[in-house]
Protein chains: 2
Amino acid sequence: MSASAAILDTPSEPPSLRQQAVLDAVLSLIVEGGDPLTMDAVARRASCSKETLYKWFGDRDGLLNATVRWQASRVHAGRTEIDALDAATLNKNLRDFAESWLSVIASPTSVALNRIAVAHAGSHKSNLGAIVLANGRVAIGARVKPVLEAGRAAGLLAFEDTEAAFRTFFGLVGRDIQIRLLLGDALPLDAAGIGRDAAQAVEQFLALYGRANP
Amino acid sequence: MSASAAILDTPSEPPSLRQQAVLDAVLSLIVEGGDPLTMDAVARRASCSKETLYKWFGDRDGLLNATVRWQASRVHAGRTEIDALDAATLNKNLRDFAESWLSVIASPTSVALNRIAVAHAGSHKSNLGAIVLANGRVAIGARVKPVLEAGRAAGLLAFEDTEAAFRTFFGLVGRDIQIRLLLGDALPLDAAGIGRDAAQAVEQFLALYGRANP
DNA sequence: TCGGAGCCGTACTGTACGGTACGGTTCGGC
DNA sequence: GCCGAACCGTACCGTACAGTACGGCTCCGA
């Protein structure tokens with residue numbers, strides 16, 4: 001484990017439109033929470049028969065798997081251009097990453113999906129946790145690290161180990177937010193707050209790893 | 001929510017020795033993971049009857065609740081003395097906190113218990129998540145913050161908001177570790193590594209918040 | 001117009017598990 | 001030695017839910 005390909009093994013073909021609708025139904029049920037996610041409930045919500053669910057997704061686990069992948073498939077934001085990196089651009093890029101990451105982990109969908117994956121990781125079989133990890137922490141790492149390295153190449157940052165630098169950044173941004181949300185803490189977090197938090201995290205990161213452009 | 005008393009409402013009397021043995025059986029089953037925690041399994045492991053379980057703990061939720069509390073009750077480490085705080089002592093105190101916190105979140109017991117609590121927080125009722133939070137993040141906060149404030153009083157640290165400073169410390173120490181472990185990532189983390197990580201986190205924290213003693 | 005594929009809705013089966021009931025045993029008080 | 005309380009082991013009940021079966025509808029291609 002520990003990282004992996006972007007989408008992770010057993011790619012399978014993408015879901016048809018109807019299947020996407022079913023997966024969206026699953027997502028809506030997951031986010032609503034409350035009653036436990038049953039196949040009956042999914043079939044009812046998606047207006048399809050259970051037989052079809054089993055035909056398309058194999059079993060309950062397969063359905064969850066497909067749902068997590070489906071959600072993951074529409075997160076990946078556009079790649080950022082990184083050349084001619086000056087201090088302001090670096091700062092802005094990092095702030096964007098921080099904001100988008102905070103927005104993601106604070107979203108009800110992310111919280112609900114992570115809860116499912118965490119619970120699943122306990123009674124193992126299948127790799128929900130790995131999928132979530134690959135599309136969360138690992139994906140953002142893959143996008144931030146090139147920026148960090150570009151910053152170093154431009155003489156704006158100083159560090160030895162890119163991974164270590166990224167993990168520090170990750171920690172400064174996320175702090176206790178994700179675990180608190182997962183545990184049900186009602187953490188107030190609006191867009192303005194996220195903006196402020198992101199800016200502070202970047203500032204702190206630059207204080208640790210930045211150096212005046214020589 | 002958001003913080004709370006040390007043990008959280010409905011204190012009830014402490015479990016008897018026999019009851020403690022039962023709760024330890026629950027813990028061992030939880031940590032072992034694998035098959036889902038059933039009342040039959042608990043009764044078998046603890047060599048007691050299900051009737052007794054229900055008599056003592058009410059229902060499955062009550063048993064989980066008591067288990068989490070029981071585990072929490074034996075974590076609280078001794079209070080540290082904080083007067084005559086010089087730079088070396090502050091450094092050592094923070095490093096101790098960081099190490100002990102990392103050791104906790106990396107322990108199989110913590111991981112398993114947090115998984116249960118996270119899963120529970122989804123389909124709410126009862127406050128497992130709040131209990132875990134109160135005895136984890138909040139408890140360590142309550143112990144670290146006085147040290148931070150003593151450091152500030154001694155002119156070693158500079159910050160406005162103690163809570164904010166602590167959250168930064170928390171983020172620098174924990175980074176992505178807890179979420180990765182919860183999601184089942186096989187993160188290698190031995191005592192030596194924890195020591196190194198803790199030292200680095202403290203160093204970074206002091207770089208952000210420290211100031212030369214005037 | 002027909003046949004068949006795909007799917008919906010619903011009814012059904014099997015089983016795992018939470019919770020209860022009860023007989024048998026141990027043990028402390030009298 | 002006797003009684004009752006606490007508790008163990010096991011059997012039992014009810015239900016919720018994963019997974020299956022099937023009849024009927026729709027749509028498409030021949």
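Convention: sequence-line order gives letters A, B, ...; per-chain numbering from 1. Quick note: numbers below take in every heavy atom, side chains included, and nothing from hydrogens, waters or symmetry partners.
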When rounded to whole Å, the CG to C1' distance for the pair A:Asp35 and D:dT15 reads 16 Å
Using the side-chain heavy atoms of B:Glu51, tell me which of these nucleotides is nearest: D:dG23, C:dC22, D:dC7. C:dC22
Do any N or O atoms of the protein come closer than 3.5 Å to N or O atoms of nucleotides 16-18 of chain D, and which pairs are they?
from, atom 1, to, atom 2, distance (Å)
D:dA18, OP1, A:Arg60, NE, 3.1
D:dA18, OP2, A:Met39, N, 2.9

Side-chain N or O of B:Ser49 less than 4.0 angstrom from OP1 or OP2 on D:dG9? no
From NZ of B:Lys55 across to C1' of C:dC22 the rounded distance in Å is 14 Å
Distance check: side-chain N/O of B:Arg18 vs OP1/OP2 of D:dC8, anything under 4.0 Å? yes
Answer yes or no: is there an ion pair linking B:Glu149 with B:Arg143, defined by an N-O contact shorter than 4.0 Å? no
Between C1' on D:dC7 and CG on B:Leu17, what's the gap in Å once rounded to a whole number? 16 Å
Counterpart residues, side-chain hydrogen bond (donor to acceptor under 3.5 Å, both in side chains), relative to A:Ser100 (two or more places apart): none
C:dA21 P sits how many Å from B:Leu53 CG, rounded? 16 Å
In terms of side-chain geometry, is the basic nitrogen of B:Arg45 or B:Glu32 positioned less than 4.0 Å from the acidic oxygen of its partner? yes
Specify the closest pair of heavy atoms between A:Leu172 and A:Ala201, including all atoms of both residues, with the distance to one decimal. O-CB, 3.6 Å
I want to check one thing: is the phosphate of C:dC7, taken as OP1 and OP2, less than 4.0 Å away from some side-chain N or O of A:Trp56? yes
Please determine whether a side-chain nitrogen of the Lys or Arg among B:Glu203 and B:Arg95 lies less than 4.0 Å from a carboxylate oxygen of the Asp or Glu. no
Of A:Phe159, A:Phe169, A:Phe97, the one forming a ring-ring contact (aromatic ring centres under 6.0 Å, His included) with A:Phe205 is A:Phe169
